[in-house]
Number of protein chains: 2
Amino acid sequence: MKKGQVEYWEKKTRECGLRLTRQRKEILQTLVQATGPLSAREIFLKLKPVSESFELSTVYRSLHSFMERGLVRETDLGTGEKKYELNSGEHGHHLVCVGCGEILFLGCPLREFEREVKEKTRYEIIEHRLNVLGVCPSCKGSE
Amino acid sequence: MKKGQVEYWEKKTRECGLRLTRQRKEILQTLVQATGPLSAREIFLKLKPVSESFELSTVYRSLHSFMERGLVRETDLGTGEKKYELNSGEHGHHLVCVGCGEILFLGCPLREFEREVKEKTRYEIIEHRLNVLGVCPSCKGSE
DNA sequence: TTCTTCTTGCAAATGATTTGCATTTATGAG
DNA sequence: CTCATAAATGCAAATCATTTGCAAGAAGAA
Ligand SMILES: [Mn+2]
Ligand SMILES: [Mn+2]
Ligand SMILES: [Zn+2]
Ligand SMILES: [Zn+2]
């Protein structure tokens, strides 16, 4: 069972001791289908029409449960709302188009830098957060 | 007149067409003395005892005026409140101690990376945001 | 099926930041 | 220096994302 399938995440959910509710299934489904990180409200808006009943607060609560167990990652891309994505396990960063909001995944160029910072400052490094803002080719064209 | 002196920033304020009010002087003074970026509320709390009357909303409004003119920079260090600092002109990033909140300035290791991203993605790069979280030596000691 | 515990819906609270509006103040002209 | 005017402030209320309390509902173990 692969990370691209809902079943994978549903199993993980159970394994973490979380109950697999209809709402959580639908949230996971939405995240699996997504091409990039989504905000709680984006998830909510995708589901409300399809789903019997659904609360935004439930989305937030589910995402937090998922985060606590490491199933989901949260990113603040400076777009007002925090974004959430399934935790693929591979560390990286995001390139955001300020025009259309498209989000591309970027690898991490900071392994060496982190070592230098640790050495120079004597801080224990916990994590780093990087994101890049730009304009995608398509948005560049249509100005 | 140097960037370490309030007078420098007071002059700049005027040159930008902004009026130099008592409140703005005090905000600039606070920022000049600061050893790192401060939140609007931190500035407010430093000034309230000393100053005749002062509103948090005034701090926010002043900071925004300063930002529009490039006198002040805003950073989101993920600490809940946005932080503000005088715009030294030199681009860089921050290392934040999750223990005591100490903030160190870091240089930018991403010039080359930005070029690569531009080439690979064909995005026009506008800016990047990076900050590093860690534990300072002093906080490491006292656990 | 039953029982227990975890989740949800719903509404109200929170916390940072912003805004409307009447009043005050900085600044430039006279 | 005095005055007029636009800009800035105080104060209170509004926003907006996110969180929380609580009663009712639904998973899942037995
Ligand atoms: Mn990285
Ligand atoms: Mn940089
Ligand atoms: Zn775009
Ligand atoms: Zn510290």
Side-chain angles (χ1 to χ4, degrees), chain A residues 9-28 30 37-69 71-84 101, chain B residues 6-7 9-30 37-45 47-69 71-84 101:
Chain A
W9 299 100
E10 295 187 347
K11 186 149 84 69
K12 276 226 152 195
T13 300
R14 280 224 168 80
E15 287 170 2
C16 291
L18 290 176
R19 290 186 184 175
L20 192 55
T21 63
R22 170 176 60 79
Q23 292 86 336
R24 286 180 179 167
K25 279 187 203 171
E26 295 180 11
I27 292 171
L28 289 174
T30 307
L38 299 175
S39 71
R41 207 178 42 84
E42 285 169 334
I43 295 172
F44 174 65
L45 290 176
K46 277 191 204 294
L47 290 178
K48 195 157 69 167
V50 193
S51 185
E52 183 149 346
S53 101
F54 224 95
E55 278 294 314
L56 182 52
S57 62
T58 301
V59 179
Y60 276 111
R61 275 195 273 229
S62 297
L63 289 171
H64 280 115
S65 300
F66 290 146
M67 278 198 294
E68 280 172 6
R69 321 292 164 118
L71 288 177
V72 159
R73 277 189 307 214
E74 184 186 68
T75 329
D76 188 339
L77 298 173
T79 47
E81 294 172 326
K82 284 177 182 156
K83 302 264 184 169
Y84 303 86
Chain B
V6 219
E7 292 77 19
W9 299 100
E10 294 187 348
K11 186 148 86 64
K12 277 228 149 193
T13 300
R14 278 225 168 78
E15 288 170 2
C16 292
L18 291 176
R19 292 186 182 176
L20 192 55
T21 63
R22 171 176 60 79
Q23 293 84 336
R24 285 180 180 169
K25 280 186 203 171
E26 296 181 8
I27 291 170
L28 290 173
Q29 182 63 246
T30 307
L38 298 175
S39 71
R41 206 176 44 84
E42 284 169 335
I43 296 172
F44 173 65
L45 290 177
L47 291 177
K48 195 157 68 166
V50 193
S51 185
E52 183 150 345
S53 101
F54 223 95
E55 278 294 314
L56 183 52
S57 62
T58 302
V59 178
Y60 276 111
R61 275 196 272 230
S62 297
L63 289 171
H64 279 116
S65 300
F66 289 146
M67 278 199 294
E68 279 171 8
R69 320 294 163 118
L71 288 177
V72 160
R73 277 188 306 213
E74 184 185 68
T75 329
D76 188 340
L77 297 174
T79 47
E81 295 172 325
K82 284 175 183 160
K83 302 263 182 168
Y84 302 87

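Atoms considered below: every heavy atom in the structure, side chains included; atoms not considered: hydrogens, waters and symmetry mates. The chains referred to below are lettered A, B, ... by the order of the sequence lines, with proteins before strands, and numbering in each begins at 1.
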Query raised in the report: Would you say the side-chain atoms of A:E26 and A:S51 include a donor-acceptor pair closer than 3.5 Å?
Result: yes
So which atom in [X] and which in [Y] form the shortest heavy-atom distance, rounded to 0.1 Å?
{"X": "A:A40", "Y": "A:V59", "value": "O-CG1, 3.7 Å"}
{"X": "A:T13", "Y": "A:R19", "value": "CG2-O, 4.3 Å"}
{"X": "B:D76", "Y": "B:T79", "value": "OD1-N, 4.5 Å"}
{"X": "B:G17", "Y": "B:R69", "value": "C-NH1, 4.4 Å"}

Query raised in the report: To the nearest angstrom, how far is B:E55 atom CD from C:dG20 atom P?
Result: 17 Å
Requested in this report: Specify the separation, in whole Å, of atom CD of B:E52 and atom C1' of C:dT24.
Outcome: 12 Å
Distances under 3.5 Å between protein N/O atoms and the N/O atoms of nucleotides 15-18 of chain C, please, pair by pair.
from: C:dT17; atom 1: OP1; to: B:K82; atom 2: N; distance (Å): 3.0
from: C:dT17; atom 1: OP2; to: B:Y60; atom 2: OH; distance (Å): 2.2
from: C:dT17; atom 1: O5'; to: B:Y60; atom 2: OH; distance (Å): 3.1
from: C:dT18; atom 1: OP2; to: B:H64; atom 2: ND1; distance (Å): 3.4

Report summary line: The reported gap from OG in B:S53 to CZ in B:R22 (rounded to nearest 0.5 angstrom) is 5.5 Å
Report task. Before giving the answer on side chain to side chain contact (heavy atoms under 4.5 Å, CB included), spell out for B:L71 and B:L28 the whole-Å C-alpha distance, their side-chain angles and the decisive distance to 0.1 Å. Result -> CA-CA 10 Å; B:L71 288 177; B:L28 290 173; 5.5 Å; no
Query - Residues, nucleotides or ligands: over 12 heavy atoms within 6.0 Å of B:K83 NZ - result: yes
Requested in this report: Count the heavy atoms belonging to other residues, nucleotides or ligands that lie under 6.0 Å from CD of B:E52, then report whether that count exceeds 12.
Outcome: no
Query - Where chain B begins and ends its contact with DNA chain D, read 5' to 3' at 4.0 Å from heavy atoms - result: D:dA6 to D:dC11
Query raised in the report: Would you call the rings of B:F54 and B:F44 parallel, tilted or perpendicular, where under 30° means parallel and over 60° means perpendicular?
Result: tilted
Query raised in the report: For DNA chain D, which residues in residues 15-30 of chain B have a heavy atom at a distance below 4.0 Å?
Result: B:L18, B:R19, B:T21, B:Q23, B:R24
Query raised in the report: Under 4.0 angstrom, heavy atoms only, what part of the nucleic acid is A:S65 near: base, sugar-phosphate, or nothing?
Result: nothing
